[in-house]
Amino acid sequence: MAAKRSGRSKRGINERLQPLQEPRSEPPLSRERIVATAVELLDAQGVDGLTMRRLADRLGSGVMSLYWHVDNKEDVFDLALDSVLEYRGPPQIAQDWRGEVVHMFEDWRASMLRHPWSASLLPRRALGPNILGRLELLSKTLSRAGVADADVNVAIWSLWNYVMGATITRASFDLSDDERAAAQQRLTRLSERYPTIERSRLLLDNDWDGAFRKGLGFLLDGLSQDEAER
């Protein structure tokens, strides 16, 4: 009997010496984690899909816990938007101001296309440090290129309008090859009314990246010419 009691006692000690298995838990709640999760939710469900309840559910948290880190849903929108528009500059120093501007705007467009909701939010949100940093860098680059102080704002807004329009159009004009072919065939049947755009095969042209870069070049040519004439 004693041996049996000893065996039971030994097994009990061994069990108590085993490390406790901690229950799995989510990482601590933080502003950074809230913003990253908000971006994921916006990517998946768009602007209308983000609510504080859905955000809390994704984080495995209570809604009220979010308010220790963010003010409200509008604050979440502002933070999420600014986070996806961070710009670290070109991988190497550009040889000329045009190269810097082209890289900046191609990066800007690519960032918004990765997160299509950002293009709809940007015009109506507070401008955060990342987008303000882009605009500050753009202003310095244009000034260094010789754009007069009186024209810098016009140049910035012209470029802003171009990248916003190009991005929204690309994100929303997403027809299949068959749909574009059908639209072009309809245009061909109406060629007497629309001869020029039918001849250019407008509705079949889907070189979005090439068109963006070339159109940006047209704008920069205009800035270059304007400064050359001063």
Side-chain angles (χ1 to χ4, degrees), residues 38-51 54 73-74 77-78 80-87 90 97-125 127 130-131 134-135 138 142 147 151 153-226:
V39 170
E40 293 174 359
L41 186 57
L42 286 162
D43 287 346
Q45 301 188 28
V47 172
D48 293 338
L50 190 148
T51 67
R54 288 174 181 165
K73 186 171 76 169
E74 301 305 307
F77 278 137
D78 289 341
L81 176 64
D82 200 55
S83 74
V84 302
L85 293 177
E86 182 178 6
Y87 181 59
W97 69 272
R98 288 181 65 120
E100 293 182 19
V101 173
V102 168
H103 184 275
M104 184 187 305
F105 278 88
E106 287 189 332
D107 176 86
W108 190 345
R109 173 176 173 265
S111 297
M112 289 194 293
L113 287 176
R114 284 193 299 270
H115 309 282
W117 50 270
S118 63
S120 63
L121 277 184
L122 184 55
R124 51 194 175 95
R125 305 307 312 170
L127 299 183
N130 283 327
I131 188 61
R134 282 181 184 264
L135 296 177
L138 177 60
L142 293 175
V147 177
D151 295 331
N153 288 350
V154 174
I156 288 175
W157 286 120
S158 297
L159 292 165
W160 171 295
N161 290 337
Y162 177 70
V163 71
M164 290 297 296
T167 304
I168 291 171
T169 299
R170 175 66 187 94
S172 59
F173 199 87
D174 194 18
L175 300 178
S176 68
D177 290 344
D178 289 343
E179 289 170 327
R180 289 188 295 104
Q184 182 64 44
Q185 287 175 2
R186 180 174 180 274
L187 191 58
T188 298
R189 291 194 297 271
L190 300 171
S191 59
E192 290 186 3
R193 187 180 301 176
Y194 310 109
T196 307
I197 58 175
E198 191 280 329
R199 186 171 61 251
S200 70
R201 314 292 284 173
L202 175 66
L203 301 184
L204 291 179
D205 188 350
N206 65 342
D207 183 13
W208 297 99
D209 295 341
F212 177 79
R213 178 180 277 259
K214 192 167 186 178
L216 181 57
F218 289 160
L219 282 173
L220 299 182
D221 286 345
L223 285 174
S224 301
Q225 182 178 356
D226 183 59

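- One N or O on the side chain of S200 and one on the backbone of I197 form a donor-acceptor pair closer than 3.5 Å.
- The CZ atom of R134 sits 9.0 Å away from the CD atom of E86 when rounded to the nearest 0.5 Å.
- Heavy-atom neighbours of D207 CG from other residues, nucleotides or ligands within 6.0 Å: above the threshold of 12.
- By the side chain to side chain donor-acceptor pair (under 3.5 Å) test, E74 pairs with R125, sequence neighbours left out.
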Test side chain to side chain contact (heavy atoms under 4.5 Å, CB included) on M112 and L85; report intermediate values, then the result. CA-CA 8 Å; M112 289 194 293; L85 293 177; 4.0 Å; yes
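- Once rounded to the nearest 0.5 Å, the distance linking NZ of K73 with OG1 of T51 reads 7.0 Å.
- Side chains of V101 and L223 form no contact here, defined as non-hydrogen atoms less than 4.5 Å apart.
- Of all the heavy atoms in S191 and E198, the pair that sits closest is CB-CG, 3.9 Å.
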L122 vs W108, side chain to side chain contact (heavy atoms under 4.5 Å, CB included): CA-CA, chis, key distance, verdict: CA-CA 12 Å; L122 184 55; W108 190 345; 4.0 Å; yes
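- F77 contributes atom CZ, which lies 5.0 Å from atom CG of L50 (distance to the nearest 0.5 angstrom).
- Here the closest heavy-atom approach between residue D43 and residue H115 is recorded as OD1-ND1, 2.8 Å.
- A salt bridge does not link K214 to D221: none of the charged nitrogens lies less than 4.0 Å from a carboxylate oxygen.
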Audit row: V147, W97, side chain to side chain contact (heavy atoms under 4.5 Å, CB included) steps and yes/no: CA-CA 11 Å; V147 177; W97 69 272; 5.9 Å; no
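- Between R109 and D209 there is a salt bridge, since a side-chain N of the basic residue sits under 4.0 Å from a carboxylate O of the acidic one.
- Remark: the backbone N or O of S120 is paired with a side-chain donor or acceptor of R124 at under 3.5 angstrom.
- Under the 3.5 Å distance criterion, the side-chain polar atoms of D82 are left unmatched by any main-chain donor or acceptor of D78.
- Between Y162 and F212, the shortest heavy-atom distance links the atoms OH-O, 2.7 Å.
- Going from atom CG of L216 over to atom CE of M104 covers 11.0 Å, rounded to the nearest 0.5 Å.
- Here CD of Q185 is found 12.0 Å from CG of L190. Values are rounded to the nearest 0.5 Å.
- Taken to the nearest 0.5 Å, the CG atom of L202 stands 11.0 Å off from the OG1 atom of T196.
- Below 30°, between 30° and 60°, or above 60°: for H103 and Y87 the angle between ring planes is between 30° and 60°, a tilted geometry.
- Closest of all the heavy-atom pairs between L142 and A155 is CD1-CB, 3.8 Å.
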Step by step, work out the side chain to side chain contact (heavy atoms under 4.5 Å, CB included) result for L81 and N130. CA-CA 9 Å; L81 176 64; N130 283 327; over 6 Å; no
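- Looking at R180 and L204, their side chains come closer than 4.5 Å, going by heavy atoms from C-beta outward.
- A pairwise comparison of heavy atoms in L42 and A80 identifies CD1-CB, 3.9 Å as the closest pair.
- For the residue pair R170 and T167, no side-chain donor N or O sits within less than 3.5 Å of a side-chain acceptor on the partner.
- A heavy-atom distance below 4.5 Å is found between the side chains of W117 and V39.
- In this structure, I168 and A119 approach most closely via the heavy-atom pair CG1-CB, 3.8 Å.
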